[in-house]
Every structure is written in structure tokens, then in C-alpha cells.
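Read the structure below first, then the notes.
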Amino acid sequence: MAHVVTPLDQPSNYKDSQARLDRQTQNDLLSKSSTLYVGNLSFYTTEEQIYELFSKCASPEDGGGVKRIIMGLDRNTRTPCGFCFVEYYSHAEAQACMRYINGTKLDERVIRCDLDLGYKEGRQFGRGKSGGQVRDEHRQDYDAGRGGWGAQAQRAEMERRREEQEQRYADAQDGPGAVAGGGGDWKESAAPPEQQTLKRGRSPEDENYDGTRTGQRLRTDDADVEGERM
């Protein structure tokens with residue numbers, strides 16, 4: 001019956017395309033690996049929560065323990081995007097996690113553990129076009145723990161809303177009561193200087209009772225005063 005039950009501590013068939021290794025070489029490295037890839041995490045799960053759970057499979061009495069945890073990050077926002085790497089000091093500890101932690105719940109989510117070739121700088125970032133994981137790029141369901149809708153669905157919704165706004169704006173411009181153009185006051189100020197009126201028209205108040213201009217009357221009075229002084 002031993003050949004019927006699949007061992008829980010065996011790695012999956014996943015092959016990292018960026019590793020550029022043949023299958024046999026990859027299997028040899030995984031058989032000695034002390035690093036785990038942990039997936040299906042909530043975006044809100046903290047490093048402290050991960051450490052507390054994975055420390056349960058550590059063997060500090062044998063010189064082991066959790067060496068470090070590398071949180072997976074969105075390439076653009078540098079925020080958690082649902083995966084991490086857990087490094088132990090021994091291969092036996094990583095195998096114990098495969099047996100006892102893989103498939104259990106953390107933050108109300110069933111997490112997945114898999115033996116990994118080892119962390120290298122740059123692998124902490126998502127590989128999706130939007131910066132996160134590829135699986136969240138094409139996801140069509142709503143998952144509150146992983147940012148809501150998938151990236152493609154979010155872009156489609158944003159595009160739909162933009163088109164609706166543009167259509168409402170176009171309807172408002174073409175509808176009844178819409179103003180086709182601005183006021184005409186600007187035309188006078190924009191006219192050439194020779195076409196602008198620089199003097200105001202003469203009003204009836206500018207005339208004296210005898211028909212002479214006010215300015216003329218004042219000049220006559222001034223002349224009389226000057227004559228008296230002489």
C-alpha cells in the first residue's frame with residue numbers, strides 16, 4: 001500500500017522557468033533544500049504570523065529553526081502580494097512543514113507549501129504584468145484577502161467606468177440647455193486698438209442751460225477773474 005499514498009513531503013512538479021535547470025538537476029537540489037515557498041497567503045498576513053506558525057516545525061534543540069522569512073511583494077507598490085519564502089537551517093525542518101503545515105489554514109486561508117531551490121535577490125517580487133502574482137492577473141473571482149477582483153477584471157471595470165463618464169459628458173454637451181459657446185464680451189477686448197472706442201459719447205448733462213459746454217463756461221469765468229487781478 002505504500003506506493004498508493006503519495007508522500008506529503010515530496011515537492012510538486014512545478015519548474016521555475018527562470019532557474020534554467022533540467023529536471024534531474026532540479027530534483028537533486030530540492031532533495032537537499034531547506035527553503036520553502038508558501039503560497040495562497042492573504043495580503044494582510046504578517047511576517048510575525050508566518051514565523052509563529054512555521055516555528056512549530058523547527059528543531060532548535062538540533063541547531064535548527066527559522067533562519068529568515070522573505071515576504072513576496074508587489075513589484076510596483078512594494079506591498080505584500082500573497083506569497084513568501086521560509087528558510088530553515090535544515091532540510092528535515094522543511095520536510096516537516098511539508099507534512100504538517102501544507103494544506104492547513106492561516107488567516108482563514110488554506111496555504112500551500114512547496115520545496116524551493118532557494119531564494120535569490122529579485123524573486124521576492126511578483127511576475128504579473130500589474131506587479132503582483134500571475135495568478136491574480138487572470139483571476140475572475142472576488143477575493144477580499146487578495147485585493148478583491150483580479151488585475152484584468154479591475155482594468156476592465158476602470159475602462160467601463162471611464163467610458164460611462166465620457167458618454168455622460170457627451171450627453172450633457174449635446175442635451176437641451178447646453179451652451180454651445182462662451183459669451184461675447186471677449187470680442188471687444190480682443191479687437192484691434194483702432195476698432196476699440198476710447199471716448200465715451202457726450203450726454204445731455206454735459207450741456208449748460210445756454211447750450212455751451214461746461215468746459216467752455218469755466219474757461220470764460222477764468223478769464224474774467226484774471227481781468228480783475230490786472
Side-chain angles (χ1 to χ4, degrees), residues 7-59 63-107 109-139 143 145-152 154-155:
L8 298 177
D9 57 0
Q10 295 301 306
S12 69
N13 291 323
Y14 172 77
K15 188 177 187 303
D16 188 353
S17 59
Q18 295 186 356
R20 302 183 184 280
L21 298 172
D22 60 80
R23 179 67 67 176
Q24 184 60 45
T25 303
Q26 176 174 299
N27 291 339
D28 292 342
L29 293 173
L30 290 176
S31 66
K32 304 173 184 178
S33 174
S34 60
T35 302
L36 287 172
Y37 171 88
V38 183
N40 201 39
L41 292 171
S42 168
F43 288 3
Y44 308 103
T45 298
T46 64
E47 185 175 335
E48 290 76 14
Q49 290 175 284
I50 297 170
Y51 183 86
E52 180 181 359
L53 176 61
F54 283 84
S55 293
K56 298 182 184 300
C57 291
S59 303
V66 177
K67 185 177 181 180
R68 64 171 175 167
I69 296 173
I70 302 98
M71 299 296 291
L73 302 176
D74 186 290
R75 189 173 61 253
N76 300 324
T77 63
R78 297 300 196 266
T79 56
C81 64
F83 72 98
C84 74
F85 297 94
V86 178
E87 287 188 357
Y88 285 98
Y89 284 98
S90 69
H91 175 68
E93 292 171 312
Q95 279 188 311
C97 282
M98 294 286 290
R99 295 191 191 101
Y100 304 120
I101 295 181
N102 183 34
T104 61
K105 279 190 174 183
L106 177 61
D107 254 0
R109 299 184 67 85
V110 177
I111 61 174
R112 297 188 298 270
C113 303
D114 197 9
L115 288 173
D116 190 80
L117 294 174
Y119 170 76
K120 292 183 179 179
E121 187 62 32
R123 291 192 64 199
Q124 74 271 35
F125 299 122
R127 299 177 182 177
K129 293 181 179 179
S130 61
Q133 287 192 276
V134 176
R135 57 168 294 200
D136 291 314
E137 190 77 22
H138 304 282
R139 183 168 46 80
D143 191 337
R146 297 184 69 88
W149 298 103
Q152 288 187 355
Q154 290 183 19
R155 286 196 295 268

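Just the heavy atoms: all of them, side chains too, but no hydrogens, waters or symmetry mates, feed the values below.
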Where is the tightest heavy-atom contact between [X] and [Y], given as atom of each residue plus distance?
X      : Y      : value
Gln124 : Tyr119 : OE1-OH, 2.8 Å
Asp136 : Cys81  : OD2-O, 4.1 Å
Val66  : Ser55  : CG2-OG, 3.9 Å
Phe83  : Gln133 : CD2-CD, 3.5 Å

Taking the side chain as everything from C-beta on, heavy atoms only, tell me whether [X] gets closer than 4.5 Å to [Y].
X      : Y      : value
Leu41  : Cys84  : yes
Leu21  : Leu29  : yes
Cys97  : Cys57  : yes
Leu30  : Leu117 : yes
Val38  : Arg112 : no
Met98  : Asp114 : yes
Val86  : Thr35  : no
Ile101 : Ile111 : yes

Measuring from atom CG of Leu115 to atom CD of Gln95, what distance do you get when rounded to the nearest 0.5 angstrom?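 It comes to 7.0 Å.
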Phe85 CZ to Lys120 NZ distance, which is reported to the nearest 0.5 Å: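 Answer rounded to 0.5 Å: 11.5 Å.
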Surrounding CD of Gln49 (heavy atoms of other residues, nucleotides or ligands, distance under 6.0 Å), is the total greater than 12?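 Count over threshold, so yes.
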Within a 6.0 Å radius of atom OH on Tyr100, are there more than 12 heavy atoms belonging to other residues, nucleotides or ligands?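 Not more than 12 within 6.0 Å, no.
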All side-chain contact (heavy atoms from CB on, under 4.5 Å) counterparts of Glu48, not counting sequence neighbours: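 In terms of side-chain contact (heavy atoms from CB on, under 4.5 Å), with neighbours along the sequence ignored, Glu48 is linked to Thr46.
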Kindly write out the residues that satisfy side-chain contact (heavy atoms from CB on, under 4.5 Å) with Glu47, not counting sequence neighbours, or none if the list is empty.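 Scan of Glu47 (side-chain contact (heavy atoms from CB on, under 4.5 Å), adjacent residues dropped) gives Ile69, Met71.
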On the 0 to 90° scale, with breaks at 30° and 60°, tag the Tyr88-Phe54 ring pair as parallel, tilted or perpendicular.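 Plane angle between 30° and 60°, so tilted.
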Among pairs that include at least one residue of [range], which meet salt bridge (Lys or Arg N to Asp or Glu O under 4.0 Å), considering only residues two or more places apart or in two chains?
range            : result
residues 69-80   : none
residues 18-37   : none
residues 122-132 : Asp16-Arg123, Asp16-Arg127, Asp116-Arg123
residues 87-107  : Asp9-Arg99, Arg68-Glu87

Determine whether Arg146 and Ser42 satisfy the following criterion, side-chain contact (heavy atoms from CB on, under 4.5 Å), listing intermediate values before the conclusion. CA-CA 6 Å; Arg146 297 184 69 88; Ser42 168; 6.0 Å; no
I'd like to know whether Leu73 forms a side-chain contact (heavy atoms from CB on, under 4.5 Å) with Thr79, so could you lay out the CA-CA distance, the side-chain angles of the two residues, the decisive distance to 0.1 Å, and finally the verdict. CA-CA 5 Å; Leu73 302 176; Thr79 56; 5.9 Å; no
Just by distance, do the side chain of His91 and the backbone of Ser33 share a donor-acceptor pair under 3.5 Å?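 Side chain of His91 to backbone of Ser33: a pair is present.
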Between Arg135 and Asp143, is the salt bridge (charged side-chain N to carboxylate O under 4.0 Å, His left out) condition met? List the steps. CA-CA 12 Å; Arg135 57 168 294 200; Asp143 191 337; 5.2 Å; no
